[in-house]
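Take a look at the structure below.
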Number of protein chains: 2
Amino acid sequence: MSLRNTDVPSPRDGDCRMVREILDRIGDKWSLYVIVTLKNGPVRFNELRRQIDGISQRMLTLTLRGLERDGLVTRTMFPSVPVRVDYDLTEVGRTLLAPVMALVAWADDNRDAIQEARLRYDGG
Amino acid sequence: MSLRNTDVPSPRDGDCRMVREILDRIGDKWSLYVIVTLKNGPVRFNELRRQIDGISQRMLTLTLRGLERDGLVTRTMFPSVPVRVDYDLTEVGRTLLAPVMALVAWADDNRDAIQEARLRYDGG
DNA sequence: CCGAATCCTCTTGGATACTG
DNA sequence: CAGTATCCAAGAGGATTCGG
(Lines give C-alpha, C1' and ligand atoms only; values in the text may rest on other atoms or scores of the structure.)
Protein backbone atom coordinates (compact mmCIF):
# COMPACT_ATOMS: atom_id res chain seq x y z
CA MET A 1 0.00 0.00 0.00
CA SER A 2 2.31 2.72 -1.13
CA LEU A 3 1.39 6.02 -2.61
CA ARG A 4 2.11 6.61 -6.24
CA ASN A 5 4.15 9.63 -7.07
CA THR A 6 3.60 10.95 -10.52
CA ASP A 7 0.65 9.41 -12.23
CA VAL A 8 -2.77 10.06 -13.56
CA PRO A 9 -5.28 10.77 -10.78
CA SER A 10 -6.31 7.13 -10.73
CA PRO A 11 -9.29 6.09 -8.62
CA ARG A 12 -6.92 4.02 -6.53
CA ASP A 13 -6.08 6.57 -3.90
CA GLY A 14 -8.87 4.70 -2.16
CA ASP A 15 -6.55 3.96 0.73
CA CYS A 16 -6.97 7.44 2.09
CA ARG A 17 -10.61 7.65 1.17
CA MET A 18 -11.25 4.49 3.12
CA VAL A 19 -9.75 6.01 6.22
CA ARG A 20 -11.68 9.18 5.63
CA GLU A 21 -14.87 7.17 5.49
CA ILE A 22 -14.28 5.82 8.94
CA LEU A 23 -13.04 9.15 10.22
CA ASP A 24 -16.19 10.74 8.90
CA ARG A 25 -18.02 8.14 10.91
CA ILE A 26 -16.31 8.61 14.28
CA GLY A 27 -14.90 12.04 13.59
CA ASP A 28 -18.10 13.97 14.02
CA LYS A 29 -18.87 15.74 17.22
CA TRP A 30 -20.58 12.96 19.18
CA SER A 31 -20.18 9.45 17.71
CA LEU A 32 -17.10 8.65 19.72
CA TYR A 33 -18.75 9.63 22.96
CA VAL A 34 -21.65 7.34 22.18
CA ILE A 35 -19.42 4.41 21.26
CA VAL A 36 -17.35 4.73 24.41
CA THR A 37 -20.42 5.21 26.59
CA LEU A 38 -21.86 1.97 25.24
CA LYS A 39 -18.70 -0.05 25.84
CA ASN A 40 -20.06 -1.79 28.95
CA GLY A 41 -23.43 -2.83 27.56
CA PRO A 42 -26.85 -1.47 26.60
CA VAL A 43 -27.85 2.00 27.73
CA ARG A 44 -31.21 3.76 27.46
CA PHE A 45 -31.73 6.95 25.48
CA ASN A 46 -32.01 9.38 28.34
CA GLU A 47 -29.25 7.66 30.26
CA LEU A 48 -26.97 8.25 27.26
CA ARG A 49 -28.14 11.82 27.22
CA ARG A 50 -27.21 12.25 30.86
CA GLN A 51 -23.81 10.58 30.57
CA ILE A 52 -22.76 12.48 27.45
CA ASP A 53 -22.38 15.96 28.79
CA GLY A 54 -23.59 18.71 26.51
CA ILE A 55 -25.29 16.65 23.81
CA SER A 56 -28.70 17.81 22.66
CA GLN A 57 -31.63 15.48 22.18
CA ARG A 58 -31.58 16.13 18.48
CA MET A 59 -27.88 15.33 18.07
CA LEU A 60 -28.12 12.19 20.17
CA THR A 61 -30.92 10.96 17.95
CA LEU A 62 -29.07 11.80 14.75
CA THR A 63 -25.82 10.27 16.00
CA LEU A 64 -27.54 7.05 17.04
CA ARG A 65 -29.33 6.82 13.69
CA GLY A 66 -26.03 7.15 11.88
CA LEU A 67 -24.32 4.50 13.96
CA GLU A 68 -27.33 2.23 13.58
CA ARG A 69 -27.31 2.70 9.83
CA ASP A 70 -23.67 1.66 9.67
CA GLY A 71 -24.35 -1.44 11.72
CA LEU A 72 -22.29 -0.30 14.68
CA VAL A 73 -25.17 0.10 17.13
CA THR A 74 -28.44 -1.75 17.72
CA ARG A 75 -31.71 -0.19 18.77
CA THR A 76 -34.13 -2.23 20.86
CA MET A 77 -37.55 -0.86 21.71
CA PHE A 78 -39.64 -2.23 24.56
CA PRO A 79 -43.29 -1.29 23.99
CA SER A 80 -43.94 -0.60 27.64
CA VAL A 81 -45.59 2.52 29.01
CA PRO A 82 -43.71 4.72 28.88
CA VAL A 83 -41.65 3.43 25.99
CA ARG A 84 -38.14 2.18 26.71
CA VAL A 85 -35.34 2.04 24.13
CA ASP A 86 -31.97 0.38 24.64
CA TYR A 87 -28.91 1.04 22.52
CA ASP A 88 -25.96 -1.31 22.35
CA LEU A 89 -22.81 -1.90 20.33
CA THR A 90 -22.94 -4.59 17.66
CA GLU A 91 -20.09 -7.06 17.26
CA VAL A 92 -18.63 -4.86 14.56
CA GLY A 93 -19.09 -1.77 16.69
CA ARG A 94 -17.28 -3.48 19.51
CA THR A 95 -14.22 -4.19 17.35
CA LEU A 96 -13.93 -0.47 16.76
CA LEU A 97 -13.07 0.01 20.41
CA ALA A 98 -9.52 -1.34 19.95
CA PRO A 99 -8.34 1.17 17.33
CA VAL A 100 -10.04 3.90 19.27
CA MET A 101 -8.09 2.91 22.35
CA ALA A 102 -4.88 3.14 20.34
CA LEU A 103 -5.77 6.74 19.66
CA VAL A 104 -6.57 7.27 23.31
CA ALA A 105 -3.12 6.01 24.21
CA TRP A 106 -1.50 8.29 21.66
CA ALA A 107 -3.45 11.29 22.87
CA ASP A 108 -2.48 10.44 26.42
CA ASP A 109 1.21 10.15 25.55
CA ASN A 110 1.34 13.34 23.51
CA ARG A 111 -1.14 15.63 25.14
CA ASP A 112 1.48 17.73 26.92
CA ALA A 113 3.75 17.88 23.88
CA ILE A 114 0.91 19.23 21.75
CA GLN A 115 -0.09 21.73 24.38
CA GLU A 116 3.46 23.00 24.67
CA ALA A 117 3.85 23.16 20.91
CA ARG A 118 0.76 25.32 20.69
CA LEU A 119 2.00 27.70 23.36
CA ARG A 120 5.35 27.94 21.65
CA TYR A 121 3.74 28.58 18.27
CA ASP A 122 1.31 31.17 19.59
CA GLY A 123 3.93 32.82 21.76
CA GLY A 124 6.63 33.33 19.16
CA MET B 1 -32.07 23.60 31.23
CA SER B 2 -31.62 20.58 33.46
CA LEU B 3 -34.15 19.12 35.83
CA ARG B 4 -31.58 18.11 38.37
CA ASN B 5 -28.41 19.80 39.40
CA THR B 6 -25.48 17.74 38.27
CA ASP B 7 -22.41 18.10 40.46
CA VAL B 8 -18.84 17.73 39.29
CA PRO B 9 -18.25 16.30 35.84
CA SER B 10 -17.35 12.64 36.04
CA PRO B 11 -13.63 11.81 35.86
CA ARG B 12 -14.17 9.55 32.86
CA ASP B 13 -15.33 12.57 30.95
CA GLY B 14 -11.74 13.76 30.65
CA ASP B 15 -10.79 10.62 28.78
CA CYS B 16 -13.28 11.37 26.07
CA ARG B 17 -12.34 15.01 25.84
CA MET B 18 -8.74 14.04 25.34
CA VAL B 19 -9.65 11.76 22.48
CA ARG B 20 -11.87 14.43 21.03
CA GLU B 21 -8.93 16.82 21.05
CA ILE B 22 -6.94 14.51 18.85
CA LEU B 23 -9.93 13.64 16.71
CA ASP B 24 -10.52 17.32 16.19
CA ARG B 25 -6.92 17.44 15.02
CA ILE B 26 -6.97 14.58 12.51
CA GLY B 27 -10.73 14.46 12.06
CA ASP B 28 -11.00 17.51 9.86
CA LYS B 29 -11.26 17.20 6.13
CA TRP B 30 -7.59 17.17 5.15
CA SER B 31 -5.15 16.64 8.05
CA LEU B 32 -5.02 12.90 7.64
CA TYR B 33 -4.25 13.16 3.95
CA VAL B 34 -1.37 15.49 4.71
CA ILE B 35 0.04 13.25 7.45
CA VAL B 36 -0.10 10.15 5.28
CA THR B 37 1.34 11.96 2.28
CA LEU B 38 4.31 13.05 4.39
CA LYS B 39 5.03 9.57 5.69
CA ASN B 40 8.00 8.98 3.38
CA GLY B 41 9.80 12.25 3.99
CA PRO B 42 9.65 15.97 3.17
CA VAL B 43 7.36 17.18 0.41
CA ARG B 44 7.05 20.62 -1.15
CA PHE B 45 3.87 22.68 -1.03
CA ASN B 46 2.72 22.28 -4.59
CA GLU B 47 3.72 18.63 -4.62
CA LEU B 48 1.43 18.09 -1.63
CA ARG B 49 -1.25 19.93 -3.50
CA ARG B 50 -0.87 17.65 -6.48
CA GLN B 51 -0.82 14.44 -4.47
CA ILE B 52 -3.82 15.32 -2.33
CA ASP B 53 -6.59 15.20 -4.84
CA GLY B 54 -9.20 17.90 -4.50
CA ILE B 55 -7.58 20.06 -1.83
CA SER B 56 -7.62 23.79 -2.43
CA GLN B 57 -4.62 26.01 -1.93
CA ARG B 58 -6.32 27.74 0.93
CA MET B 59 -7.18 24.54 2.79
CA LEU B 60 -3.71 23.09 2.30
CA THR B 61 -2.24 26.21 3.86
CA LEU B 62 -4.68 26.18 6.78
CA THR B 63 -4.19 22.46 7.38
CA LEU B 64 -0.40 22.75 7.35
CA ARG B 65 -0.53 25.72 9.75
CA GLY B 66 -2.65 23.72 12.18
CA LEU B 67 -0.38 20.70 12.07
CA GLU B 68 2.66 22.94 12.45
CA ARG B 69 1.11 24.66 15.44
CA ASP B 70 0.53 21.32 17.15
CA GLY B 71 4.13 20.29 16.55
CA LEU B 72 3.24 17.49 14.16
CA VAL B 73 4.76 19.02 11.04
CA THR B 74 7.81 21.17 10.34
CA ARG B 75 8.05 23.90 7.75
CA THR B 76 11.42 24.61 6.13
CA MET B 77 11.83 27.51 3.75
CA PHE B 78 14.72 27.75 1.28
CA PRO B 79 15.21 31.37 0.20
CA SER B 80 15.97 30.45 -3.37
CA VAL B 81 14.34 31.99 -6.42
CA PRO B 82 11.64 30.96 -6.71
CA VAL B 83 11.04 30.18 -3.05
CA ARG B 84 10.95 26.55 -1.99
CA VAL B 85 9.21 25.24 1.13
CA ASP B 86 9.46 21.71 2.47
CA TYR B 87 7.04 20.14 4.90
CA ASP B 88 7.89 17.10 6.98
CA LEU B 89 6.56 15.12 9.91
CA THR B 90 8.15 15.74 13.29
CA GLU B 91 9.07 12.87 15.60
CA VAL B 92 5.76 13.31 17.38
CA GLY B 93 3.89 13.50 14.12
CA ARG B 94 5.54 10.29 13.00
CA THR B 95 4.32 8.41 16.08
CA LEU B 96 0.79 9.30 15.07
CA LEU B 97 1.14 7.07 12.02
CA ALA B 98 0.81 3.88 14.09
CA PRO B 99 -2.63 4.59 15.61
CA VAL B 100 -3.77 5.87 12.25
CA MET B 101 -2.73 2.60 10.66
CA ALA B 102 -4.79 0.74 13.26
CA LEU B 103 -7.79 2.66 12.00
CA VAL B 104 -6.81 1.90 8.43
CA ALA B 105 -6.77 -1.79 9.27
CA TRP B 106 -10.17 -1.56 10.93
CA ALA B 107 -11.64 0.32 8.00
CA ASP B 108 -10.18 -2.26 5.65
CA ASP B 109 -11.64 -5.15 7.64
CA ASN B 110 -15.08 -3.63 8.02
CA ARG B 111 -15.63 -1.64 4.87
CA ASP B 112 -17.90 -4.17 3.24
CA ALA B 113 -19.85 -4.81 6.44
CA ILE B 114 -20.57 -1.12 6.80
CA GLN B 115 -21.53 -0.78 3.17
CA GLU B 116 -23.93 -3.71 3.43
CA ALA B 117 -25.38 -2.40 6.67
CA ARG B 118 -26.13 0.89 4.98
CA LEU B 119 -27.84 -0.77 2.06
CA ARG B 120 -29.88 -2.89 4.44
CA TYR B 121 -30.86 0.12 6.52
CA ASP B 122 -31.74 2.27 3.53
CA GLY B 123 -33.52 -0.55 1.77
CA GLY B 124 -35.85 -1.50 4.57
C1' DC C 1 -39.80 8.49 27.71
C1' DC C 2 -38.39 8.81 23.03
C1' DG C 3 -38.08 11.42 19.17
C1' DA C 4 -39.57 14.25 14.99
C1' DA C 5 -39.98 19.07 13.07
C1' DT C 6 -38.76 23.72 12.72
C1' DC C 7 -35.85 27.65 13.03
C1' DC C 8 -31.62 29.90 13.27
C1' DT C 9 -26.59 30.59 14.03
C1' DC C 10 -21.89 29.57 13.41
C1' DT C 11 -18.30 27.12 11.26
C1' DT C 12 -16.22 24.83 7.33
C1' DG C 13 -14.50 25.02 3.17
C1' DG C 14 -14.58 26.10 -2.07
C1' DA C 15 -13.76 29.74 -5.80
C1' DT C 16 -11.40 33.48 -7.08
C1' DA C 17 -8.16 37.20 -7.28
C1' DC C 18 -3.95 39.29 -5.67
C1' DT C 19 1.25 39.51 -3.61
C1' DG C 20 6.46 38.71 -2.98
C1' DC D 1 6.44 28.87 -6.12
C1' DA D 2 4.13 29.67 -1.99
C1' DG D 3 1.25 31.83 -0.08
C1' DT D 4 -2.80 35.81 1.56
C1' DA D 5 -7.37 38.01 1.31
C1' DT D 6 -12.19 38.14 0.33
C1' DC D 7 -16.63 36.51 -0.68
C1' DC D 8 -20.07 33.12 -0.37
C1' DA D 9 -22.64 28.50 -0.23
C1' DA D 10 -23.56 24.43 2.33
C1' DG D 11 -24.04 21.97 6.31
C1' DA D 12 -23.44 20.98 11.28
C1' DG D 13 -25.42 21.60 15.33
C1' DG D 14 -28.11 24.21 19.34
C1' DA D 15 -32.78 25.75 21.11
C1' DT D 16 -37.34 25.09 21.10
C1' DT D 17 -41.73 23.09 20.23
C1' DC D 18 -44.90 19.40 19.21
C1' DG D 19 -46.37 14.29 18.95
C1' DG D 20 -47.09 9.11 20.12
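All values reported here derive from a predicted model rather than from experimental measurement.
The shortest non-hydrogen separation linking B/V85 to B/Y87 is CG1-CE1, 3.6 Å. B/L89 approaches B/K39 most closely through the heavy-atom pair CD1-CA, 4.1 Å.
The distance from atom CG of A/L64 to atom P of D/dG13 is 14 Å, rounded to the nearest whole Å. Between B/M77 atom CE and D/dT4 atom P there is a gap of 11 Å when expressed in whole angstrom units. With rounding to whole Å, A/D86 atom CG is found 14 Å from C/dC1 atom P. As a whole-Å value, the separation of A/M59 CE from C/dT9 P is 18 Å. The separation between B/R65 atom CZ and D/dA5 atom P is 11 Å, rounded to whole Å. To the nearest angstrom, C1' of C/dC1 lies 11 Å from OH of A/Y87. Counting to the nearest Å, the C1' atom of D/dT6 and the CD atom of B/Q57 are 14 Å from each other. Taking atom CD of residue B/E47 and atom P of nucleotide D/dA2, one finds them 10 Å apart after rounding to whole Å.
The side chain of A/S56 contributes an N or O atom lying less than 4.0 Å from OP1 or OP2 of D/dG14.
The nearest heavy atom of DNA chain D to A/V83 and to A/W30 marks one nucleotide each, and the one closer to the 5' end goes with A/W30. Each of A/T61 and A/P82 was matched to the nucleotide of DNA chain C holding its nearest heavy atom; the match closer to the 5' end belongs to A/P82.
Salt-bridge formation is detected for the pair A/D86/A/R84: a Lys NZ or Arg NE/NH1/NH2 atom is positioned less than 4.0 Å from an Asp or Glu carboxylate oxygen. Remark: A/R94 does not engage A/E91 in a salt bridge, criterion side-chain N to carboxylate O under 4.0 Å. With respect to the salt-bridge test (charged N to carboxylate O, under 4.0 angstrom), the residues B/R65 and B/D70 do not qualify.
Within 4.0 Å (heavy atoms only), A/R75 reaches sugar-phosphate atoms of the nucleic acid but no base atom. Within 4.0 Å (heavy atoms only), B/R58 reaches at least one base atom of the nucleic acid.
You'll find that the side chain of B/F45 is closest to D/dA2, out of D/dA2, C/dG3, C/dC2. The side chain of A/D28 approaches D/dG13 more closely than any other nucleotide in the set D/dG13, C/dG3, D/dG3. Proximity note for A/K29 (side chain, C-beta onward) versus C/dG14, C/dA17, D/dG14: the nearest is D/dG14.
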